[in-house]
Every structure is written in structure tokens, then in C-alpha cells.
Amino acid sequence: MASRTYNDAIDTLNTLQTPFAVIEARRKAGIRPDANSVQEMGGYLARIGYSTSSDLRKLNIVHVAGTKGKGSTCAFVDSILSKWHQTKGIPKKVGLFTSPHLIAVRERIRINSRPISEEMFAKYFFEVWDRLESNSTVATDLVEAGTKPIYARYLTLMSYHVYLSEGVDVAIYETGIGGEYDATNVVEQPVVSGISTLGIDHIYVLGDTIDKIAWHKAGILKKGSPGFTVEQVGSAAEVLKKRAEEKGVDLKVLGVDQRLKGVKVRPDANFQKKNATLAIALAETALKKLDQDFKRDETALPRAFVEGVEQVVWRGRCEVKQEDNIIWHVDGAHTVDSLKMAARWFVEETKSEGKGTKVLVFNQQGRSEAVDFLDGLCNTVKNSDPAGQGFQHVIFCTNVTYATTGYKRDFVNHQYNPADIENMTQQRIFAEKWVSLDPTAKILVIPSIEEAINTARGLADTDGKDGSKVQVLITGSLHLVGGALGILEKADAL
Ligand SMILES: Nc1ncnc2c1ncn2[C@@H]1O[C@H](COP(=O)(O)OP(=O)(O)OP(=O)(O)O)[C@@H](O)[C@H]1O
Ligand SMILES: [Mg+2]
Ligand SMILES: [Mg+2]
């Protein structure tokens with residue numbers, strides 16, 4: 001391979017996406033990830049020169065699964081540990097591995113809270129590539145030389161190489177999908193495992209009941225590693241408890257941490273306090289191992305913890321951006337429950353601007369069940385308004401970033417049916433559903449994020465004449481939100 005820039009790395013990475021047709025065929029044949037998927041990851045690790053037991057142990061992995069709040073919890077842990085690092089020099093380097101990305105792929109692999117640089121990404125990307133191609137590295141019969149893991153798994157594999165090469169001494173890992181068969185579950189002895197709020201998502205892979213989903217998530221609990229979770233809905237709690245017992249893990253169920261009283265958690269909502277509570281327990285457990293002087297104080301949080309929680313940056317979640325006559329509310333929620341949370345957050349934020357026109361910009365690509373996300377979103381806003389006024393304008397757009405140039409490289413996605421995007425099939429289904437939910441709303445179907453944003457700006461010019469600000473909620477997909485933030489900030493701000 002002649003040229004090896006960041007863009008080359010991303011283009012090459014994109015070739016590892018499973019094409020839509022293959023995904024379809026697998027679904028029809030009922031093929032799902034299974035225990036082999038994790039074994040294979042072990043094989044790939046061996047091929048690039050690492051052992052799952054001794055090398056991964058050096059990373060002191062904090063492992064987090066859950067349906068919602070994984071990323072937020074991981075970001076809290078990262079922020080707390082960074083503050084600890086600033087005051088005590090421990091840990092030396094903090095790794096943070098999350099998914100999906102918001103604006104650029106390299107966000108998924110962070111060191112000391114910053115996405116690794118383009119240069120570093122390209123370097124490690126191709127090092128892994130070469131090692132996988134080579135026949136001369138460690139012998140393993142688990143995977144053949146030359147084979148590569150698919151997109152998300154490749155990034156997981158690469159993250160271990162990055163962190164081990166860069167001397168990271170604590171690494172926070174968000175699972176991709178589920179837990180038991182997730183690529184990140186190749187870790188044998190995490191420092192601690194945490195399970196955030198459970199709900200329904202990824203039903204094809206994980207099953208269609210909360211119990212089946214809980215079974216998968218509990219797969220990250222490991223004997224010998226402490227485990228924590230938050231309060232869960234009925235049967236999910238039972239499943240977690242039972243699996244923990246089977247594995248010999250003393251799983252602690254945390255109520256909201258009383259020491260958070262007076263700490264500014266944003267948004268000031270119960271779900272976020274649960275995320276922060278879990279993160280505190282995970283950070284405490286990691287620090288107990290890393291810092292000999294660390295002692296848990298039952299009555300108050302150390303300053304680094306308070307600052308870590310208050311100053312966390314986790315973009316694309318509950319973000320507010322002001323523009324002349326328009327306020328953008330941006331949240332990447334994409335499940336039934338989290339969209340209700342997002343709608344409630346929007347209602348709270350906009351309460352004082354009662355008369356401003358409300359606009360929704362929504363998309364969710366490639367999940368047929370997404371049409372059921374709309375009820376809660378529509379009704380939460382409508383029911384909270386004294387006059388029963390919901391969104392006056394509703395815009396459904398695809399996740400194509402730009403009107404003329406199409407996708408940004410980091411967002412190229414081969415996993416969806418291209419004809420559906422071309423014809424805006426999904427968006428038309430959403431539009432039809434919304435008519436039944438709120439016949440008074442003005443509904444638009446628009447081909448790109450850029451045009452959707454410009455349309456909302458146009459509405460602000462007409463509706464904002466009375467001095468009120470138009471309130472826009474952008475939600476339904478992290479890809480939509482990432483694209484939108486890039487456009488709103490006229491830059492690829494990370
Ligand atoms: N504990 C929670 N319960 C319900 N909703 C939540 C919770 N935490 C966050 N959310 C909502 O879900 C959105 C996504 O949060 P976050 O990125 O933390 O989740 P995640 O588990 O990493 O999800 P994914 O990786 O599937 O995008 C947030 O913007 C917020 O609206
Ligand atoms: Mg998810
Ligand atoms: Mg996430």
C-alpha cells in the first residue's frame with residue numbers, strides 16, 4: 001500500500017464494513033454473533049502479538065455494558081480519572097474506547113480524554129493491518145493469516161495495540177453490542193465491570209425481551225473482578241443477579257450516590273445521576289488498585305471526583321447551541337426509552353421560551369422498529385404543553401451529511417440499503433406515522449442533514465419575527481447528531 005494517510009486508513013477501514021446484502025443474507029439464515037466471535041478476537045490479538053491474559057491485564061480495563069448510558073458512564077469515569085491524574089499523576093495515561101463515533105472515527109480511541117491524532121491513528125491502523133497480513137507473527141489456528149475482523153472489531157483490536165504501545169495504565173471500554181459475545185469481552189480480568197441502564201435495543205442480535213438482553217450484558221461480569229450496576233426494571237435485575245451468582249461475582253446494585261448531593265450533574269435528571277453513580281463506583285474501584293493511597297470516603301466525594309462529574313464533556317448528548325433566532329437542542333438518543341428522556345429534557349429546557357415554535361429534526365436509519373420511537377417523542381412534548389401543542393414542524397431527513405457532496409468519509413455506511421436512502425423510504429414511513437400521531441404538524445421529508453438544518457433556519461426567519469426563538473430538537477441517531485454538529489460548527493470539531 002503506497003499511501004498511508006489518515007484518509008487512507010478510514011477508506012481501508014470502510015472496506016471492512018459488512019455490506020447490506022450480506023447482513024440481509026445472514027439475518028435470513030439466522031446467523032448471530034456467538035462464543036466464536038470472542039475466541040476469534042483472541043486469535044486476532046495473538047496474531048498482532050498480544051496475549052489476552054497477560055497483555056490486556058496491563059491495561060487495567062474498566063468494562064461497561066448496558067443499553068443506555070454506557071458512553072456517558074465511560075465519559076464520567078474518564079473525566080474523574082483525568083482529574084485524579086492532574087492532581088496525583090496517577091494514572092499515568094487514561095484510555096477511553098467508545099462507540100459509535102460522533103464526528104470522526106478517531107474519537108473512538110482516546111488517550112487522556114483526547115481522540116488520538118490522525119497521524120497516530122494511521123500509524124497504528126496500518127501496523128495492525130500488516131501484522132494481520134503477515135504469516136510470521138505468533139502462530140494461532142483461531143484465525144487465518146490475512147483475514148481481518150469487521151469494522152467495529154478491527155477498531156477494538158486496534159485500540160489494544162494503541163493503548164499497549166502508548167503505555168496506557170487504565171483503559172475504559174464501552175461494549176459495542178451486548179456483552180457476552182462483544183469484541184471487547186475478550187478481556188479476561190477487568191479491574192471492574194459496570195452495567196448501566198438496561199432497555200430494549202438491538203433485538204435481532206440480543207433478543208426481544210429485557211431478560212434476554214440482560215443475559216448478554218451480564219456476560220461482561222468476570223469472577224475475580226468486582227461488578228456494579230444501577231437499579232433495573234423488574235426481571236432484568238433478577239437475570240443480572242442470577243448470572244452474577246453463577247459466575248461467583250458479588251454484583252452490587254447502586255442507588256443514586258448520596259454524595260452527589262450538591263454536585264452539579266448535567267442534565268439534572270435521574271438517569272444522569274445513575275450514570276454518574278455507576279461511574280463513581282467504577283473509578284473508585286480502579287483507583288483502589290492503581291493508587292495505594294486511595295481511600296473511599298463514605299461521606300463525601302473527593303474534589304477530583306466532583307470536578308470530574310461536573311466538568312465531563314460528552315458531546316452530542318443533551319447539548320444546547322444558540323444561534324441568532326434559533327436554539328438547537330441536540331441529543332443522540334435512539335431507543336424508545338432514551339428518546340422519551342430526550343423529549344423530557346427538551347421540554348424542560350424550553351419551558352421558559354413557551355411561545356417559540358417547536359421543530360423536530362429526526363432520523364434513524366436501518367432499523368424498522370424505529371417507527372415506534374415516534375409515539376413517545378410526540379406525546380411527551382404534546383402532553384407537557386398546557387395547550388397540547390406539539391412540534392409545529394417535523395423534518396425527517398437521511399443521515400447523508402451534505403446536499404451536494406454526500407457523506408463525510410467517516411460516515412460512509414455500506415450497511416444500509418442504498419435504494420432506501422435514495423428514495424428516503426424510511427423517512428417517508430416516519431412521516432406517515434407522524435400524521436397519525438399529530439395531524440396538525442407540518443411535515444417535511446428532506447434528503448440531507450445540511451438541507452434539514454437550512455430548512456429549520458428558514459423557519460426561524462419566518463417564525464422568529466416576533467422576537468421569540470425557534471426551538472429545534474435534533475435527535476434519533478448519533479450519525480444525524482454528529483453530522484448536524486459538524487455543520488452547525490462549520491468545522492469537524494471534536
Ligand atoms: N441511564 C440512562 N437511561 C436512559 N437514557 C439514557 C441514560 N443515559 C443516557 N441516556 C440517553 O441516551 C443517549 C445516549 O447516551 P449514551 O451515549 O451514554 O448511551 P450509550 O449506552 O453509549 O448508547 P449507544 O452506544 O447505543 O449510542 C443520551 O443522549 C440520553 O438521552
Ligand atoms: Mg446502542
Ligand atoms: Mg455509546
Side-chain angles (χ1 to χ4, degrees), residues 63-79 96-103 107-110 152 155-156 172-179 182-184 194-203 205-206 210 213 216-217 220 228-233 236 254-257 265-279 282 312-320 329-349 362 364-367 370 373 376-377 380 399 473-482 484-485:
H63 199 189
V64 179
T67 308
K68 276 299 123 205
K70 301 181 290 296
S72 308
T73 301
C74 289
F76 276 129
V77 177
D78 178 67
S79 180
L96 174 62
F97 179 78
T98 56
S99 61
H101 58 275
L102 192 59
I103 292 167
E107 269 167 72
R108 295 181 183 221
I109 305 176
R110 295 177 197 242
L155 290 171
T156 310
I172 305 143
Y173 271 81
E174 171 183 354
T175 50
I177 292 181
D182 188 67
T184 60
I195 299 171
S196 69
T197 302
L198 299 179
I200 304 284
D201 198 10
H202 300 295
I203 50 180
V205 185
L206 305 179
I210 194 90
I213 290 171
H216 279 276
K217 311 285 180 183
I220 70 160
F228 293 92
T229 188
V230 290
E231 280 161 9
Q232 305 286 2
V233 287
L254 306 166
V256 168
D257 196 319
V265 179
R266 270 180 303 247
D268 180 15
N270 198 49
F271 78 81
Q272 194 71 325
K273 289 180 188 156
K274 284 168 91 171
N275 295 338
T277 295
L278 180 58
L282 299 177
V312 67
V313 179
W314 192 229
R315 302 223 44 203
R317 283 80 172 176
C318 304
E319 266 197 64
V320 181
H329 304 264
V330 185
D331 187 88
H334 53 262
T335 62
V336 169
D337 296 337
S338 62
L339 275 162
K340 274 186 211 150
M341 299 292 175
R344 261 182 236 150
W345 165 72
F346 177 72
V347 165
E348 278 304 307
E349 289 287 319
F362 181 93
Q364 174 50 242
Q365 204 67 49
R367 296 188 199 196
F373 295 177
L377 194 52
T380 304
N399 283 348
L473 173 62
I474 305 181
T475 193
S477 148
L478 217 52
H479 287 294
L480 168 69
V481 157
L485 286 173

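Remember, it's 1-based here, ligands and their atoms both numbered in the order they're listed. Scope of the values below: all heavy atoms of this structure, side chains included, with no hydrogens, waters or symmetry mates.
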Winner among Lys273, Arg317, Met341, Lys274 once heavy atoms are compared against atom 5 (N) of ligand 1: Met341

For the residue pair His216 and Ile177, establish whether any side-chain heavy-atom pair is separated by less than 4.5 Å. no

Relative to the heavy atoms of Trp314, which atoms of ligand 1 are at a distance of less than 4.0 Å? 17 (O), 18 (O)

Gln364 versus Phe362, closest heavy-atom pair with distance: N-CE2, 4.0 Å

With a cut-off of 2.8 Å, does Thr98 place any N/O/S atom under that distance from the Mg ion (ligand 3)? no

Answer yes or no: is there a side-chain heavy-atom contact under 4.5 Å between Asp201 and His334? yes

Test side-chain contact (heavy atoms from CB on, under 4.5 Å) applied to Val64 and Ile220, Thr98, Leu282, Thr175, the passing residue: Leu282

Please confirm whether Ser196 comes under 4.0 Å of ligand 1, counting heavy atoms of the residue only. no

For Asn275, the atoms of ligand 1 under 4.0 Å from one of its heavy atoms are 1 (N), 7 (C), 8 (N), 9 (C)

How about Leu206 and Thr67: do any of their side-chain heavy atoms sit closer than 4.5 Å? no

Quick one: are Phe228 and Thr73 in side-chain contact, heavy atoms under 4.5 Å? no

Using a plain distance cutoff, I'd like to know if Gly69 has any nitrogen or oxygen under 3.5 Å from a nitrogen or oxygen of ligand 1. yes

Do any N/O atoms on His334 end up under 3.5 angstrom from N/O atoms on ligand 1? yes

Which is it for Trp345 and ligand 1 at heavy atoms under 4.0 Å: side chain, backbone, both or neither? neither

Need the ligand 1 atom indices (1-based, order shown) with element for anything under 4.0 Å from a heavy-atom of Ser99. 25 (O)

Which atoms form the tightest heavy-atom contact between His329 and Phe346, and what is the distance? CD2-CE1, 3.5 Å

Flag the pair Lys273 and Asp257 as a salt bridge only when some basic side-chain nitrogen lies within less than 4.0 angstrom of an acidic carboxylate oxygen. no

For ligand 1, which atoms, with element, lie under 4.0 Å from some heavy atom of Thr67? 21 (O)

With a 3.5 Å cut-off and no angle check, do the side chains of Thr184 and Asp182 form a donor-acceptor pair? yes

Of all the N, O or S atoms in Glu174, which has the shortest distance to the Mg ion (ligand 3)? OE2

Check: Glu174 N/O within less than 3.5 Å of ligand 1 N/O: yes

Heteroatom distance test (His202, ligand 1): nitrogen or oxygen, under 3.5 angstrom: no

May I ask which of Gly71, Ala342, Ser338 has a heavy atom nearer to atom 11 (C) of ligand 1 than the others do? Ser338

